[in-house]
Trainee: 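Just passing along the structure, written as structure tokens.
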Amino acid sequence: MFSRRFFYAVAACLAVTGASRADARDAAPAEVALPTGGAVKRVDFERHIMGLVSKVGCNAGSCHGSFQGKNGFRLSLFGYEPAMDFAGLTRDNFGRRINVVKPDESLILLKGTGQTPHDGGMRFGKDGWVYNVFREWIRGGGKWAPGSGEIKDLTVTPGDFALLRDSKPAQVTVTATFADGTTEDITPFCDFRITDDAIATVSPLGLLTPKQPGDAGLTVLYRGSVKAVRVLVPSPARAEYPKVPEVNYIDREVFAKLKLMNVVPSDLASDEVFLRRVSIDTTAQLPTPEQVRAFVADKDPKKREKIIDQLLADPLHAAVWATKLSDITGNNTQALEAPQQTQPKRSQMWHDWLRKRVADNAPYDQIVRDILTANSRDGMTPQEWLAFVKKIDEQSAKGAKTDYPEKKTLDLFWRRQQPVPVEQWGEKVAAAFLGVRLECAQCHKHPTDRWTQDEYWAFANVFATVTFQANQFSSPEVKKLADAENAARRENAPKANNNNVLLVREMFSGANPRRRPNPGTNKVPLPRTLGGDTVGTKAGADPRAELADWLTGPENPFFAKSFVNRVWAHYFGVGLVNPVDDFSLANPPVNARLLDALAKDFVASKFDIRKLERTVLLSRTYQLSYAPNESNRFDKNNFSHAYVRPLMAEQVVDVLNAALGVDETFGGADADFAGLKMVEVGSSRLAGTVSYALRIFGRPPRTTACDCERAMEPALPQTLFRMTDAAVLAKFTSGTGRVAKLAKSKLSPEELVDEAFLATLSRLPTAKEKADGLEHLKGAKNRTEGVTDLVWALVNTREFILNH
């Protein structure tokens, strides 16, 4: 008479309301003892149940982060949508997942404990505290009210870091402040994750157990709230910790943490090692043998300070940072405007614009502002702007150098051949200038950070006024002039190539924003700064201008920290926050106090890049030897010694050319770059043999906003390239290169060996190395072959291809 579906529906209503047989209704839920010593009282089950659902995760066949879940059961990512989770537990599947009449027969308990087979496997034991909390909640009617258990704040104890002394475990305690103002220990309900379980392990209840000396990150998650601390496992205590000299606040913060961990920093690097390191880092070049000899012989106690100032003022230093900023800002040659033959020239303009700002030591906040608020005209009249465009086009047709760097703003940042969706602009800007990855918030609340889906789309809509479409201009007068110029260019172009003409186009902030709705709500959020206030709501206003005010403001929590972290990562090989574009609640800095101090100093200096670099390079921390001592040989992220690290692809090309005394060969479409060092070339798309070298050593195509595009890992093709590549071997045999000059010189064999070592490794050989070199020269068929083999052997050492 009634279908099975009808009875299931009635059962679901009974389960949700708690209306059932008298014996089930009258049985009040009991307190449940927690493993941390507390108890969940009757009134608290409703508050805690969604936190427990988030902790146990994929029980009953559900999967966090899956849109479909398993067998129709889907939970929200890390319990961020408790209303959806509650409906899934109590109403979906005809309410069969909980049974208030017979709680122990609830599917969530049967499947969660493995009594009923399912894909999720066993998630908790029967009659354990998790089981009992679920059971008593179900027995009480399976109730939950919207807002129940809403978190205002989490407090993790210990705070900045957990110090595990004497190899003893330590308990992490998590206290929640709820929306109603009450506080409670919620440690058992949290999810704990550690970045390196070789350093320490963490139990499901937050008990940290040390494994070996080191440093790891611990993330605490609870219903969408995230906190993180560092876990420090000190080395065995020393009888007496030595006094280590400090140059500036960098050393003070670095050495304070090292002392806490009973780790002694290495000694200072030798003059030869320091000079090589700082030369490669700042200019991508090797010091010449003459420079090495002069620096080592110099008795001035301030000689390191003087060479730092000299290198920071070198034109190639600005080129190094223009290359790095081209990565950060997405100078992707292939994405720029057609025609194809002009794209490398536009990339070079982009690079040169950045290079000029670094060379002039323009404040970093002003550089970023002039990128974010860029437009094509920069306040010029239509006639002035068109004259400027024609001048730039004529210059680029003749060579790589143009007057584009004189332009106030970098409109090339926004100029792309294909339209760019606003959400991609939001991701690019957040990653480049804030070090924040937003991608995960596009479809749901970010799993390990604060960003919601609505905040993602509100930030994306800041860029909805950016206009760069064909035949669209900021005013009728501009359009009239541009149309006439474009008509003339088409008329004068070869007829067979009429569709491949360099046209005049304008980038501007349009009056009709193309705002996107949040797909989760289908509502269009107003443009807002990231987690902040609305911007650009007045008619005709450019939201990017207000964004720039917020982004470059001294109180911005990310802007200064993001850039000083990038500078630190460049000079040390690893960031204080690593990856450098992953500032998030779940990724704490390895030394928060140092990061704060660097950012504070950077803001106080009015964003002086040169001062920041000088401070870093002068520090004893930067100048430490790469050779470890007994206490710091396992240190990977506390900067107790210099880390041996790979070179950027551009540095590889330039360092190899410097060692061999040759210039890079650019031919074909890249002929205009002849005479330039690799760090001076802006294009991400090059032809010829150099393109292969750049690719295998990890130069990024700059297609995404992720810093991970630049690969720095060693690989077999890199070794084979130095050993066997025809283009490299041609540099050895070049008639004007170093090998030919040494072979033709009147230097003695002893002097030849010294010169070869100085030119490649920036140091003199040891006694054994010198003896081996002399023996090889003596046994060679002729002087040229002996010198070639000696230099080839040195170029193929790890010492040559790595910075240390």
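Numbers here are sequence positions counted from 1.
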Trainee: List the steps and the verdict of side-chain hydrogen bond (donor to acceptor under 3.5 Å, both in side chains) for Lys479 and Asn471.
Mentor: CA-CA 8 Å; Lys479 177 175 172 56; Asn471 206 34; 3.1 Å; yes
Trainee: Does some side-chain heavy atom of Asp454 sit less than 4.5 Å from a side-chain heavy atom of Arg528?
Mentor: yes
Trainee: Could you go through the salt bridge (Lys or Arg N to Asp or Glu O under 4.0 Å) check for Asp596 and Lys561 one step at a time?
Mentor: CA-CA 7 Å; Asp596 289 344; Lys561 288 182 179 180; 3.0 Å; yes
Trainee: Can you tell me how far apart CZ (Arg355) and CG (Asp360) are? Round to the nearest 0.5 Å.
Mentor: 11.5 Å
Trainee: Strictly by modelled atom types, are Asp608 and Asn361 linked by a side-chain donor-acceptor pair under 3.5 Å?
Mentor: yes
Trainee: Any side-chain heavy atom of Val231 within less than 4.5 Å of one from Asp215?
Mentor: no
Trainee: For a 4.5 angstrom cut-off between non-hydrogen side-chain atoms, does Arg377 reach Glu506?
Mentor: yes
Trainee: OG1/Thr615 to CZ/Arg610 distance, rounded to the nearest 0.5 angstrom?
Mentor: 12.5 Å
Trainee: So which atom in Val389 and which in Val504 form the shortest heavy-atom distance, rounded to 0.1 Å?
Mentor: CG1-CG2, 4.2 Å
Trainee: Is it true that the side chains of Ser584 and Arg437 contain a donor and an acceptor less than 3.5 Å apart?
Mentor: no
Trainee: Can you tell me which residue among Phe463, Phe413, Phe468, Phe459 is in a ring pair (Phe, Tyr, Trp, His ring centres under 6.0 Å) with Trp425?
Mentor: Phe413
Trainee: A quick test of your reading: do over 12 heavy atoms of other residues, nucleotides or ligands sit less than 6.0 Å from CZ of Arg645?
Mentor: yes
Trainee: Using a distance-only test with no angle check, is there a side-chain donor-acceptor pair under 3.5 angstrom linking Thr465 and Ser509?
Mentor: yes
Trainee: Please lay out, stage by stage, how Arg193 and Asp191 fare under the test salt bridge (Lys or Arg N to Asp or Glu O under 4.0 Å).
Mentor: CA-CA 7 Å; Arg193 302 180 180 190; Asp191 187 19; 3.1 Å; yes
Trainee: To the nearest 0.5 angstrom, please state how far the OG atom of Ser562 sits from the CZ atom of Phe583.
Mentor: 5.5 Å
Trainee: Under a 3.5 Å distance rule, please check whether Glu546 uses its side chain to pair with a backbone N or O of Gly536 as donor and acceptor.
Mentor: yes
Trainee: Can you check salt bridge (Lys or Arg N to Asp or Glu O under 4.0 Å) on Arg415 and Glu337, steps first, answer last?
Mentor: CA-CA 7 Å; Arg415 298 168 71 114; Glu337 302 160 68; 2.5 Å; yes
Trainee: Quick one, Phe161 and Val229 - any side-chain contact, counting heavy atoms below 4.5 Å?
Mentor: no
Trainee: If you look at every heavy atom in Thr333 and Ser684, which pair is closest and at what distance?
Mentor: OG1-N, 2.7 Å
Trainee: Classify the ring geometry between Tyr364 and Phe602 as parallel (under 30°), tilted (30 to 60°) or perpendicular (over 60°).
Mentor: tilted
Trainee: Are the side chains of Leu530 and Trp550 in contact, using a 4.5 Å heavy-atom criterion?
Mentor: yes
Trainee: Would you check if there is a donor-acceptor pair between the side chains of Tyr404 and Gln348 at a distance under 3.5 Å?
Mentor: no
Trainee: What I want to check is whether the side chains of His317 and Glu613 have a donor and an acceptor closer together than 3.5 Å.
Mentor: yes
Trainee: Are the side chains of Asn512 and Thr467 in touch, meaning some heavy atoms are under 4.5 Å apart?
Mentor: no
Trainee: For Phe572 together with Phe639, are the ring centres under 6.0 Å from each other?
Mentor: yes
Trainee: Write down the atom of Arg230, the atom of Asn637, and the distance for their closest heavy-atom approach.
Mentor: NH2-ND2, 3.8 Å
Trainee: Mind listing the closest non-hydrogen atom pair of Val226 and Thr219 along with its distance?
Mentor: CG1-CG2, 3.7 Å
Trainee: Output yes when Asp352 and Lys356 qualify as a salt bridge under the 4.0 Å nitrogen-oxygen rule, no when they do not.
Mentor: no
Trainee: Are any of the side-chain nitrogens in Lys611 or Asp601 under 4.0 Å away from the carboxylate oxygens of its partner?
Mentor: yes
Trainee: Could you measure the distance from the CH2 atom of Trp457 to the OG1 atom of Thr521? Nearest 0.5 Å is fine.
Mentor: 11.0 Å
Trainee: Taking it one step at a time, do Asn518 and Val524 satisfy side-chain contact (heavy atoms from CB on, under 4.5 Å)?
Mentor: CA-CA 6 Å; Asn518 176 351; Val524 179; over 6 Å; no
Trainee: Report yes if some heavy atom in the side chain of Leu612 is under 4.5 Å from a heavy atom in the side chain of Val564; otherwise report no.
Mentor: yes
Trainee: Side chains of Ser347 and Ser683: any donor to acceptor distance under 3.5 Å?
Mentor: no
Trainee: If only atom types and distance count, is the side chain of His351 paired as donor or acceptor with the main-chain N or O of Leu325 below 3.5 Å?
Mentor: no
Trainee: Report the C-alpha separation of Arg710 and Asp327 in whole Å, then their side-chain angles, then the decisive distance to 0.1 Å, and conclude whether the salt bridge (Lys or Arg N to Asp or Glu O under 4.0 Å) test is met.
Mentor: CA-CA 8 Å; Arg710 182 176 283 278; Asp327 290 354; 2.7 Å; yes
Trainee: Could you tell me whether the side chains of Thr175 and Glu184 share a donor-acceptor contact shorter than 3.5 Å?
Mentor: no
Trainee: Return yes if a side-chain donor-acceptor contact under 3.5 Å exists between Asp180 and Thr182, otherwise no.
Mentor: yes
Trainee: Decide whether Lys407 and Thr409 meet the rule of one side-chain donor and one side-chain acceptor closer than 3.5 Å.
Mentor: yes
Trainee: Do Glu709 and Arg702 sit within salt-bridge range, that is, some charged N less than 4.0 Å from a carboxylate O?
Mentor: no
Trainee: Determine, stepwise, if the pair Arg346 / Gln343 fulfils side-chain contact (heavy atoms from CB on, under 4.5 Å).
Mentor: CA-CA 5 Å; Arg346 294 187 187 276; Gln343 291 174 328; 5.7 Å; no
Trainee: Would you give the length of the straight line joining atom CG of Leu595 to atom CG of Leu576, rounded to the nearest 0.5 angstrom?
Mentor: 5.5 Å
Trainee: Distance from Leu412 atom CG to Asn331 atom CG, nearest 0.5 Å?
Mentor: 8.0 Å
Trainee: Do any N or O atoms from the side chain of Asn375 and from the backbone of Met507 form a donor-acceptor pair under 3.5 angstrom?
Mentor: no
Trainee: Under the side-chain hydrogen bond (donor to acceptor under 3.5 Å, both in side chains) test, which residues partner Trp414, sequence neighbours left out?
Mentor: none
Trainee: Do Val368 and Leu551 have side chains that approach each other closer than 4.5 Å (heavy atoms only, starting at C-beta)?
Mentor: yes
Trainee: State yes or no: are the ring centers of Phe433 and Phe559 separated by less than 6.0 Å?
Mentor: no
Trainee: Apply side-chain hydrogen bond (donor to acceptor under 3.5 Å, both in side chains) to the pair Glu427 and Tyr456, showing each step before the final yes or no.
Mentor: CA-CA 9 Å; Glu427 292 173 7; Tyr456 174 95; 2.5 Å; yes
Trainee: Which heavy atom of Phe178 sits nearest a heavy atom of Ile151, and at what distance?
Mentor: CE2-CD1, 3.6 Å
Trainee: Apply the test side-chain contact (heavy atoms from CB on, under 4.5 Å) to residues Asp196 and Lys636: give CA-CA distance (whole Å), side-chain angles for both, the deciding distance (0.1 Å), then the verdict.
Mentor: CA-CA 12 Å; Asp196 191 346; Lys636 297 184 293 185; 3.5 Å; yes
Trainee: I'd like to know if Asp707 pairs up with Arg566 as an ion pair, taking the criterion as any Lys NZ or Arg NE/NH1/NH2 lying under 4.0 Å from an Asp or Glu carboxylate oxygen.
Mentor: yes
Trainee: From the options Val577, Asn578, Asn565, Leu594, select the one residue that forms a side chain to side chain contact (heavy atoms under 4.5 Å, CB included) with Pro589.
Mentor: Val577
Trainee: Kindly give the heavy-atom pair with the smallest separation between Glu455 and Trp451, and that separation in Å.
Mentor: OE1-CA, 3.4 Å
